[in-house]
Amino acid sequence: MDNTKAKGRMRMEALVWTSNHKLELCEWEEPQIVAPDEVKIQIEMTGICGTDLAVITGKEEGVPEVIRGHEAVGTVIEIGSNVDRVKVGDRVVIDPNQSCNECYFCLKEQPHLCMGPDGNGMPIAGLNRNGTFTFFYSTAQTFAHLLPDHMSWETGVLIEPLACVLHNFKEANVTADDKVLILGSGPMGLLSQMVSKSKSALTVATEINPYRLAFAREISDFALTPSQLNQATVDEICAGHKFDVIIDTVGTQLEVAEEWIERGGRIVPFGINAKYRYTFSPTKFVQHAIKIIAAGEYRYMFEEALRFAAETPELEKLVTRKVKLNQYEVAINELIGYELNSLKVVESETVKTVFVP
């Protein structure tokens, strides 16, 4: 941990999305408690999310001069005078979505649609306010949830993405009778497969990366390469029908979803790629009663995610790589499958890579 004093204030290393449109390791001022209900957390582990990769690869805009990172667990090291939910030494998982509890949507109990007290959008750690790709983080106690004593850091760091998955399944109303196809077996895809196995009749997954495909085969009823997702295979798996629910965790697969969705089915766009466009025929969707369900941010899902994770300790196996902050370039290149500077192909053999400051 590289902390130094500068002008009377502690400094720390942090991975910042800079005005150069790059992720860079910078020296940054250490966060402090500024309100009586705040807690200061020492980061123990923080995950690299697909939204971080989308910004880095130009698929999403990133707010400049913001510390990235929003999936994190850590230890409470300081508390404000009014804090009563946690104490120093507690292990917590961070909720990065800081709904204001004041705006039109929050007052309608829709905090996932929060516009913030100024109407400019919900403050989200690692997106539009400083996040967790660093050593310390401060937040209101509302957004720090206790981890069970027996839960590993590896399981805990998956709580926030798991909350996203559970929210999408709830909005899609997945039932025990549904046949579910999950396109993509990255971290969100594999988490979706784990949830689907607990909620649906059939779970089928696709993946092009052999390393991740092997993980999918350990979880799903069937795991296929995209070329294996054909009429003969679907007929056999689904007994002559198609899928009731299809979840696109890649962010570019809605054409594939439309091809294999059953009448009355639900398509869930889940992956992030702001450059992706999809043209469809509304008439077909009306006549076949096909729904597209965009769930937005999770809504009151952290406690459910903690319960699911406590019952599913094998979640921790998805954390396959741990790196220091100063190894970020190697980690990012492996996750996206190529070197950012040279575009040289990089062999990718990881599911979830996390920083361990």
Side-chain angles (χ1 to χ4, degrees), residues 37-51 69-77 79 83-99 101 106 109-112 114 122 124-126 131-132 137-172 174 187-200 219 249 270 295-319 322 351-352 354-356:
D37 69 334
E38 287 190 348
V39 299
K40 184 174 179 178
I41 299 164
Q42 178 174 303
I43 300 298
E44 302 287 350
M45 191 174 289
T46 178
I48 303 173
C49 177
T51 54
H70 60 273
E71 304 172 354
V73 285
T75 303
V76 176
I77 61 170
I79 61 175
V83 171
D84 55 9
R85 292 182 55 187
V86 298
K87 63 184 185 300
V88 171
D90 280 345
R91 301 161 68 246
V92 295
V93 57
I94 293 164
D95 181 352
N97 292 348
Q98 300 183 0
S99 50
N101 204 34
C106 284
E109 296 192 345
Q110 295 177 319
H112 61 310
C114 174
M122 176 164 54
I124 302 176
T132 59
Y137 175 80
S138 61
T139 187
Q141 65 172 335
T142 303
F143 305 111
H145 300 261
L146 283 170
L147 286 178
D149 291 339
H150 65 275
M151 186 175 290
S152 68
W153 290 124
E154 289 83 357
T155 298
V157 81
L158 294 169
I159 294 298
E160 194 273 346
L162 178 60
C164 296
V165 169
L166 289 167
H167 178 60
N168 275 264
F169 270 73
K170 183 176 182 179
E171 292 295 300
V174 177
M188 301 306 276
L190 291 169
L191 285 171
S192 295
Q193 291 162 47
M194 288 183 169
V195 172
S196 180
K197 283 290 289 183
S198 74
K199 295 183 180 291
S200 70
I219 300 169
T249 71
F270 196 5
E297 299 288 345
Y298 45 80
R299 177 187 183 196
Y300 303 129
M301 277 293 161
F302 258 67
E303 294 306 318
E304 183 175 339
L306 282 162
R307 286 192 296 271
F308 185 95
E311 297 167 359
T312 317
E314 59 268 28
L315 278 172
E316 68 179 13
K317 295 178 181 178
L318 299 185
V319 177
K322 300 172 188 175
V351 173
K352 190 68 174 180
V354 299
F355 291 119
V356 282

Enquirer: List for me each residue that meets ring-ring contact (aromatic ring centres under 6.0 Å, His included) alongside Y137, sequence neighbours excluded, and say none if there are none.
Expert: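 Residues passing ring-ring contact (aromatic ring centres under 6.0 Å, His included) with Y137: none at all.
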Enquirer: Who pairs with S198 by side-chain hydrogen bond (donor to acceptor under 3.5 Å, both in side chains), at least two apart in sequence or on another chain?
Expert: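 Partners of S198 by the side-chain hydrogen bond (donor to acceptor under 3.5 Å, both in side chains) criterion come out as none, since no residue qualifies.
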Enquirer: Listed by chain and number, what are the ring-ring contact (aromatic ring centres under 6.0 Å, His included) partners of F302, not counting sequence neighbours?
Expert: H145, Y298
Enquirer: Excluding sequence neighbours, so at least two apart, what forms side chain to side chain contact (heavy atoms under 4.5 Å, CB included) with K87?
Expert: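 In terms of side chain to side chain contact (heavy atoms under 4.5 Å, CB included), with neighbours along the sequence ignored, K87 is linked to D90.
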Enquirer: What residues form a side chain to side chain contact (heavy atoms under 4.5 Å, CB included) with A309, not counting sequence neighbours?
Expert: M151, T155, I159, L162, L315
Enquirer: Would you check if the side chain of E160 reaches a backbone N or O of I94 as a donor-acceptor pair within less than 3.5 Å?
Expert: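 No, E160 side chain to I94 backbone: no donor-acceptor pair under 3.5 Å.
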Enquirer: Applying ring-ring contact (aromatic ring centres under 6.0 Å, His included), name anything that partners F355, two or more places apart in sequence or on another chain.
Expert: F133
Enquirer: Return the set of residues passing salt bridge (charged side-chain N to carboxylate O under 4.0 Å, His left out) with E154 (not counting sequence neighbours), or none when no residue passes.
Expert: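 Salt bridge (charged side-chain N to carboxylate O under 4.0 Å, His left out) list for E154, sorted by chain: K322.
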Enquirer: Does E297 have any side chain to side chain contact (heavy atoms under 4.5 Å, CB included) partners at least two apart in sequence or in another chain, and if so, which?
Expert: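 E297 satisfies side chain to side chain contact (heavy atoms under 4.5 Å, CB included) with N97, H112, M122, I124 once adjacent residues are dropped.
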Enquirer: Just to verify, what does K40 make a side chain to side chain contact (heavy atoms under 4.5 Å, CB included) with, not counting sequence neighbours?
Expert: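 Listed in chain order: E30, Q32, I33, I77, E78, F136.
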Enquirer: Does T132 have any side-chain hydrogen bond (donor to acceptor under 3.5 Å, both in side chains) partners at least two apart in sequence or in another chain, and if so, which?
Expert: T46
Enquirer: Only counting residues at least two apart or in another chain, list the ones meeting side-chain hydrogen bond (donor to acceptor under 3.5 Å, both in side chains) with Q193.
Expert: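 If we apply the side-chain hydrogen bond (donor to acceptor under 3.5 Å, both in side chains) test to Q193, skipping adjacent residues, the hits are S185, S220.
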Enquirer: Got a sec, which residues hit side-chain hydrogen bond (donor to acceptor under 3.5 Å, both in side chains) with Q110, two or more places apart in sequence or on another chain?
Expert: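 Residues passing side-chain hydrogen bond (donor to acceptor under 3.5 Å, both in side chains) with Q110: none at all.
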